[in-house]
Amino acid sequence: MSFRSAVITFPGSNCDRDMADALEKVSGTAPHRVWHGDAALPDGLDFIALPGGFSYGDYLRSGAMAARSPIMQAVIAAAGKGVPVLGVCNGFQVLTEAGLLPGALMRNAGIRFVCREVKLKVENTQSLFTAGYSAGQQIVIPVAHHDGNYFADAETLDRLEGEGRVAFRYAEPVNGSARDIAGVLNAAGNVLGMMPHPERVIEPAQGGTDGRALFESAVRGLVGA
Amino acid sequence: MKVRVFVSLKNGVLDPQGRAIHHAIEGLGIHGVQDVRAGKMIELEVDASVTDAQLEEMASKLLTNTVIENYRIERVQP
């Protein structure tokens with residue numbers, strides 16, 4: 001059974017090809033490429049990815065304009081029906097701006113753009129996206145962002161932690177994120193947003209493979225094998 | 001009619017930009033500044049038919065992220 005996925009491209013997305021490449025290499029099927037102005041998604045999708053980049057030039061707030069683009073209404077509806085949605089970097093910012101994930105991503109505490117490999121700790125290994133990792137596993141995945149400082153009020157943070165919705169935590173100081181949160185899940189577990197870029201480390205030629213298990217988990221969980 | 005929407009970070013939300021600006025002010029040799037918070041101001045030119053409720057909608061649904069920001073709307077008298 002083939003894996004039907006879609007990668008959404010906004011004006012200013014720049015990791016959409018990497019995301020499409022990772023999905024194709026891991027699943028064996030090329031994803032649909034969907035433009036932000038499209039009103040509808042292809043039918044019967046197993047997986048939707050919102051890639052990194054600088055949609056709309058980060059105008060107003062990172063992800064703010066993209067979250068209100070026509071295709072996002074379809075993405076929100078699909079997420080509500082349980083279709084898995086992965087947002088990486090700018091994609092994570094879009095998911096918070098669209099209200100699919102709690103909290104907000106603010107300017108890095110150190111002001112500077114951070115672009116390097118970082119150590120992460122896998123906190124949740126029960127989700128569709130993280131089942132391929134082991135509990136507490138430390139992995140190395142690159143980040144490249146200016147606005148990755150995760151913020152939510154204390155009550156929300158307590159709830160995320162209590163419900164096991166923190167998927168990944170930074171294992172070193174990166175951007176000032178509340179409780180070192182690098183990736184969070186929605187309540188239903190079918191939406192994951194994360195600042196680090198798993199699609200950039202799926203094969204040895206990229207200098208690392210720690211991101212591959214995320215895509216393998218999703219493919220295995222959704223279409224088997 | 002001109003409308004200004006002032007966007008500011010909520011109390012308790014750390015403002016790294018404000019802190020950096022504060023630091024730079026001290027670099028000018030000016031002391032006595034206790035705190036700096038950076039925000040933004042968005043100016044709109046609107047028809048008289050645009051209602052307060054519509055301005056509220058624009059401000060709360062798009063111009064601010066109410067998780068982290070507050071806004072204040074000001075109609076500028078001509």
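Residue numbering restarts at 1 for every chain, and letters A, B, ... go by the order of the sequence lines.
Annotation for A/Q126: atom CD does not count as buried by contact number, only 12 or fewer foreign heavy atoms lying within 6.0 Å.
In terms of heavy-atom pairs under 4.5 Å with chain B, the best-connected choice from A/A109, A/G176, A/G110 is A/A109.
The one candidate from B/V13, B/L14, B/V67 that meets the side chain to side chain contact (heavy atoms under 4.5 Å, CB included) condition with A/M106 is B/V13.
For the residue pair B/I42 and A/L60, the shortest heavy atom distance occurs at CD1-CD1, 3.8 Å. Contact between A/A64 and B/L62 at its shortest, heavy atoms only, is O-CD1, 4.4 Å.
With a threshold of 4.5 angstrom between heavy atoms, B/L9 approaches chain A through side-chain atoms but not through N, CA, C or O.
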Do chain A and chain B have donor-acceptor pairs under 3.5 Å, and which are they?
residue, atom, partner, partner atom, Å
A/L60, O, B/K40, NZ, 2.5
A/R61, NH1, B/L62, O, 3.1
A/R61, NH1, B/L63, O, 3.0
A/R61, NH2, B/L62, O, 2.9
A/R68, NE, B/K61, O, 2.7
A/R68, NH2, B/K61, O, 2.6
A/E97, OE2, B/N65, ND2, 3.2

